[in-house]
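A quick write-up on the structure given underneath.
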There are 2 protein chains.
Amino acid sequence: MLGRVGDTTDKARTRIVRRATELFRAEGFGAVGVDRISDLAPVSKRTLYQRFPTKDDLIAEYVRTIGDTNYDSMQDAVDDDAPPAERILQAFIWLQNQTTPSGYRGCPIVNAVAELPDATHPARQLALDHKDQVLGFFRDQAASAGAADPDELAEQLIMLFDGASSYSLVRDSRIPPSFLAAAKTLINAQLPPDSQPLK
Amino acid sequence: MLGRVGDTTDKARTRIVRRATELFRAEGFGAVGVDRISDLAPVSKRTLYQRFPTKDDLIAEYVRTIGDTNYDSMQDAVDDDAPPAERILQAFIWLQNQTTPSGYRGCPIVNAVAELPDATHPARQLALDHKDQVLGFFRDQAASAGAADPDELAEQLIMLFDGASSYSLVRDSRIPPSFLAAAKTLINAQLPPDSQPLK
DNA sequence: GAGATATTACACAGATCTGTTTAATTGGCA
DNA sequence: TGCCAATTAAACAGATCTGTGTAATATCTC
């Protein structure tokens, strides 16, 4: 039967999204045509358009998927039993490892927003949702760690986080150790005086 | 006479680059055709191709121009008589003001690298040159301020800097005050104990 | 095995893209 | 005025793009 809404066993759909993810991630939306995705899926173009009526629908699904995948991957790198400040650092180390040693193409969510000037594009909201999810994680950990202003610290951390992505993208090199040092400095500046600072 | 190399009075060339800058900046390279640039310059397509044999040449010129323009604009916002740590903050305030109150499209240099997967594209080196210029500014100021490790601090600052751009891009909102607070925290953490900390 | 459904290959429409060709026209300068 | 280089408009080539129409083939269910 043709893939219905909520069908989690639609193999064609899965293959389409997987290939689209690889190609969009590496080259962006404009540079990747629908034909190339369907050829590599492999699936006929007709089937692709059966699952995704327009390319923009596929782009939106890509943004949703890569956001969820990245968040899950990051969470997998975080030890739930570690102290909250350590958990933040583990997330930072995860990002650093994503950029090893070269070939990193920048944050796919940020890149998507950059390539979609139309603020009403459905993918734009999904991109924001993802960043809010990451921001929420930082905020929750900051609060648990006893940060003086968890919202402020979370904003600072996500700016540092995404800036490190840009750094790696432009230089095509691994995020440097100064990245983790900066995270520690920002966190320590907000920890209560009686707590053990990160070092 | 037809615009020669080094001709600084080539009005057609100037108009082409100016329009290309507006359009590329707002929409990216893929979404902007050469026809649209020439129509708006206004200049015939023939003249455009006389000045820039390929679109990639125009893209490279755009990256060079926007990098230089932004760096100059940032330097104009920096008071040469202020202490070095203050000069860094003035540069950060400049970036914050670039994102007011919305409509910011992210760092054009980072966006250019994201949209040009080919690492040998001439614009890629120009993008790196620009970021090295900004990094060098931060390093010089950090060193003048007596930072413990000026290279490390400069890396941290440029990561925070570009991350704030991404933050503003994704959220279509002004960079928040926590940005400046983070810069101060990172700077203060490296200033000599006997110096006056930023507040 | 029969019938319904899904997928395939492939041509096609219509739009757009980069870059070129051609011929008419403009504008500066002697 | 008259020359000459530069610019213009416009059509064009050839490629690519998104999305559709069609008819044959494969797959699944009963």
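Order of the sequence lines sets the chain letters (A, B, ...), proteins ahead of strands, with each chain counted from 1. Please read all numbers here as calculations on a predicted model, not as lab measurements. Just so it is clear, the values below take in all heavy atoms, side chains as well, and ignore hydrogens, waters and symmetry mates.
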Quiz item: What is the distance, rounded to the nearest whole Å, between atom CG of B:Asp35 and atom C1' of D:dC12?
Solution: 13 Å

Quiz item: Taking 4.0 angstrom as the limit, do A:Asp162 and A:Lys131 come out as a salt bridge?
Solution: yes

Quiz prompt | Side-chain ion pair, A:Arg124 and A:Asp118, N-O less than 4.0 Å | solution = no

Quiz item: Nearest nucleotide by nearest heavy atom, which residue falls closer to the 5' end of DNA chain D, B:Ala12 or A:Asp56?
Solution: B:Ala12

Quiz item: Should A:Thr47 be listed as having a side-chain N or O under 4.0 Å from OP1 or OP2 of C:dA6?
Solution: no

Quiz item: Roughly, in whole Å, what's the span from CG in B:Leu48 to C1' in D:dT8?
Solution: 14 Å

Quiz item: Is B:Glu27 paired with B:Arg36 through a side-chain N to carboxylate O contact shorter than 4.0 Å?
Solution: yes

Quiz item: What integer distance in Å separates B:Leu58:CG from C:dG19:C1'?
Solution: 14 Å

Quiz prompt | Distance in angstrom units between B:Arg51 CZ and C:dT18 C1', rounded | solution = 19 Å

Practice problem: May I have the distance from A:Lys55 (atom NZ) to C:dA15 (atom C1'), rounded to whole angstrom? | Solution: 14 Å

Quiz item: What is the distance from NZ of B:Lys45 to C1' of D:dT8, rounded to the nearest Å?
Solution: 13 Å

Quiz item: Between the side chains of B:Trp94 and B:Gln90, is a donor N or O closer than 3.5 angstrom to an acceptor N or O?
Solution: no

Self-check item: B:Ser44 side chain, from C-beta outward: closest of D:dG19, C:dA9, D:dA9
Solution: D:dA9

Practice problem: Taking only the side-chain nitrogens and oxygens of B:Arg46, find out if one of them lies under 4.0 Å from OP1 or OP2 of D:dC12. | Solution: no

Exercise. Check the distance between C:dT7's P and A:Phe52's CZ and give it to me in whole angstrom.
Key: 13 Å

Quiz item: Between atom CD1 in A:Ile16 and atom C1' in C:dA6, what is the gap in whole Å?
Solution: 13 Å

